[in-house]
Number of protein chains: 2
Amino acid sequence: MGTTRLETVPEPKYWHLKTVLSEALDSEFAVGEILPNERELAARFGVARATLRQALEQLELEGRLQRRRGVGTTVAPPRVGVDVNPVRHSWPGAPGDAWQTEDCEETAPPVAVAGALGAEAGRPVYAVHRVRMAHGQAVATETLYVPAASVPGMSGIGTEAGAARGRAVLRELNRLELGGQDRAVELGSARAEDARRLDRLPGAPVLVVTTRYLAAGGTAAVALSTYRADTCRLTFGDSAGVSLLAS
Amino acid sequence: MGTTRLETVPEPKYWHLKTVLSEALDSEFAVGEILPNERELAARFGVARATLRQALEQLELEGRLQRRRGVGTTVAPPRVGVDVNPVRHSWPGAPGDAWQTEDCEETAPPVAVAGALGAEAGRPVYAVHRVRMAHGQAVATETLYVPAASVPGMSGIGTEAGAARGRAVLRELNRLELGGQDRAVELGSARAEDARRLDRLPGAPVLVVTTRYLAAGGTAAVALSTYRADTCRLTFGDSAGVSLLAS
DNA sequence: CGGCCCATTTGGTCAAGACCAATCCGACCC
DNA sequence: GGGTCGGATTGGTCTTGACCAAATGGGCCG
């Protein structure tokens, strides 16, 4: 990464800058390596720091960079493929399960959730909070909403601790005959609560996955999952889901 | 939306601002309505224009707003659900097909694509370019890579026009026994070419879908699709994929 | 030695102002 | 009537400069 000056070009400076940096990342830096700090990079390219940051933000959005206040900007490893179609036996307690149940509360569901649950609207639900780990870091949070009426075996542990109670809900739900799933994926920004769990700043880009678990009687449960968009590639199906983005 | 002043808060101003604006959008604005311009909004909230823009960018990322230079900032309609699991008969020519084939070229595939195609690496492929329409606007672009050897019936129309040639490739591909698909979804930023087709600025956030079409002999084709992240909610399965994000 | 504290480093936030470029629309001319 | 030119409007880009907050690491103190 030399002391290349930007010329007057029809395209925005930050866009050109992003291209230059991207090529430099490919050829001159190793994963995990730390870049010069923003003030020095800006000076080296002859642009304002704000302009440089615009380029860095794009690269971070694409999962090429990782920035941490007080530490620096490092080259990010390739995105990790995360299967959103976990086979049934990978639910809590089973081997290979990457989800960690953290809490469970009995509450009135948000309106959107109540609507998705159909006839069960307005009735109390269990909200089970889970976190998904990959490579030692949290990559996703999830809230699973289960109508209380669907898991009748729960009455015995009404006041138990959150995590254990959540595992019990999932165990009961696992006993039901589930007829399939129904998913949607969209872009969102992390709420303060999710950002904290994912070790990100509020507003960080996340992939929001909405799942409906279907049963004979209708919708057995719905889940709202948020995956770190910078580090995750969501896969559907058996393979690892090769990325063609490098092309 | 009154002349509310921001107080000194522990959270960033743009974050608070985003919350205030978001609530105002829910209660005081209709879809399609145009907001006051950025300079006036900034003055009204007593912040710098850059700070206001940070809040607007977040809201645009979440699909709440739509901004167009020279026009203004308008309230965006809810995201449109787009099924990425099109049934087979919806391929070109069939009724209900939202894809429009635009061009087709015979070329050497990018390395990432060659790798995904396995044994066919290095061999020439057809690159079919398509655009997906929804509600009268382009919401996705796609490049489908098919090994030339897989569609032998093409020799007769080698020099034909792009779009017609592309449709022929798809028709031939459709004759093969396809064994299923394999998908991955990740966040990306629109390349200049895709941005132009999607009526967005370069770097706009997109959902990148990588699809492998499987056949008996291995991978029959791969597709790289980019969906407008601001306007699309990708759905998998039969239902419309209700969004719980409003909660 | 062990733990606390503080200066340094680094990215994050914010301000004020300038100019650029896409768009729109009315005035004008043919 | 219809096309064309030109300002006015609006979001997009860029600069300079300042301060804030998380993280680190070295040094001091018990």
Side-chain angles (χ1 to χ4, degrees), chain A residues 5-19 21 33-61 65-76 189-190 192 195-196 199-205 230, chain B residues 5-19 21 33-61 65-76 189-190 192 195-196 199-205 230:
Chain A
R5 286 271 160 182
L6 300 179
E7 314 139 23
T8 51
V9 283
E11 66 187 357
K13 278 189 188 177
Y14 76 89
W15 184 256
H16 182 209
L17 201 47
K18 177 193 158 192
T19 307
L21 284 168
E33 193 170 347
I34 189 168
L35 270 64
N37 71 58
E38 294 183 351
R39 289 163 181 84
E40 183 181 335
L41 277 180
R44 194 178 297 189
F45 285 105
V47 299
R49 193 177 153 218
T51 303
L52 174 79
R53 278 179 59 82
Q54 214 170 342
L56 293 182
E57 267 152 31
Q58 285 248 341
L59 290 169
E60 190 180 27
L61 195 84
L65 291 179
Q66 207 164 340
R67 298 193 288 172
R68 295 183 66 86
R69 169 157 38 174
V71 179
T73 302
T74 56
V75 182
S189 50
R196 191 183 53 75
D199 190 27
R200 297 270 77 192
L201 294 177
D230 56 341
Chain B
R5 287 271 159 180
L6 300 178
E7 313 138 24
T8 50
V9 284
E11 65 188 359
K13 277 189 187 177
Y14 76 89
W15 185 255
H16 183 209
L17 200 46
K18 177 194 159 192
T19 307
L21 284 169
E33 192 169 349
I34 190 167
L35 270 63
N37 71 59
E38 294 183 350
R39 289 162 180 86
E40 184 181 333
L41 277 179
R44 194 179 297 189
F45 287 105
V47 300
R49 194 176 152 217
T51 303
L52 173 80
R53 278 178 60 81
Q54 214 170 342
L56 293 182
E57 268 153 31
Q58 285 247 340
L59 290 170
E60 190 181 26
L61 196 82
L65 291 179
Q66 208 165 339
R67 298 191 289 172
R68 294 182 64 86
R69 171 160 32 175
V71 180
T73 302
T74 56
V75 181
S189 49
R196 191 183 53 76
D199 190 26
R200 296 270 77 193
L201 294 175
D230 56 342

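Proteins get letters first, then strands, A, B, ... in listed order; numbering begins at 1 in each. In what follows, every heavy atom counts, from backbone to side chain, and hydrogens, waters and symmetry copies are set aside. Since the model is a prediction, treat every value here as computed from it, not as a measurement.
- Residue Y14(B) has a polar side-chain atom (N or O) positioned under 4.0 Å from OP1 or OP2 of dT13(C).
- Between the CZ atom of R200(B) and the C1' atom of dG11(D) there is a distance of 12 Å, rounded to whole Å.
- For T73(A) and dG11(C), the shortest distance from a side-chain N or O to OP1 or OP2 is below 4.0 Å.
- R68(B) comes within 4.0 angstrom of the backbone, heavy atoms only, and of no base.
- Under the 4.5 Å side-chain criterion, counting only non-hydrogen atoms from C-beta, R67(B) is in contact with E57(B).
- Spacing between atom CZ of R49(A) and atom P of dT10(C) amounts to 11 Å, rounded to whole angstrom units.
- Between K13(A) atom NZ and dA21(C) atom C1' there is a gap of 16 Å when expressed in whole angstrom units.
- Distances from the side chain of R69(A) to the nucleotides dG12(D), dA22(D), dC14(D) place dA22(D) closest.
- Looking only at side-chain heavy atoms (C-beta outward), R68(B) and D199(B) come within less than 4.5 Å of each other.
- For the pair L35(B) and V75(B), the tightest heavy-atom approach, listed with the atom from each and the gap, is CD1-CG2, 3.7 Å.
- Residue T51(B) places at least one side-chain N or O closer than 4.0 Å to OP1 or OP2 of dA15(C).
- Computed from coordinates, the Q54(B) CD to dG11(C) P distance equals 17 Å when rounded to whole Å.
- Y14(A) and T51(A) make their closest contact through CB-O, 3.8 Å (heavy atoms, listed as atom of the first residue, atom of the second, distance).
- A50(A) comes within 4.0 angstrom of a nucleotide base, judged by non-hydrogen atoms across all strands.
- In this entry the distance linking CD of E57(B) with P of dC14(C) reads 13 Å, nearest Å.
- Residues W15(A) and Q58(A) are in side-chain contact: their nearest non-hydrogen atoms beyond the backbone lie under 4.5 Å apart.
- An OP1 or OP2 oxygen of dT10(C) is reached within less than 4.0 angstrom by a side-chain nitrogen or oxygen of N37(A).
- Atom CG of L41(B) and atom C1' of dG12(D) are 16 Å apart (whole Å).
- Residue-to-nucleotide proximity on DNA chain D shows that, of V71(A) and R39(A), the 5′-proximal contact is made by R39(A).
- In the set dT13(D), dT16(D), dA15(C), the nucleotide with an atom closest to the side chain of A48(A) is dT16(D).
- Residue R67(B) places at least one side-chain N or O under 4.0 Å from the OP1 or OP2 atom of dG12(D).
- Contact annotation: R53(A) side-chain N/O to dG12(C) OP1/OP2 distance is under 4.0 Å.
- Separating the CD atom of E40(B) from the P atom of dA8(D) is a distance of 19 Å, rounded to the nearest angstrom.
- Look at CD1 on I34(A): it is 14 Å from P on dA23(D), rounded to the nearest Å.
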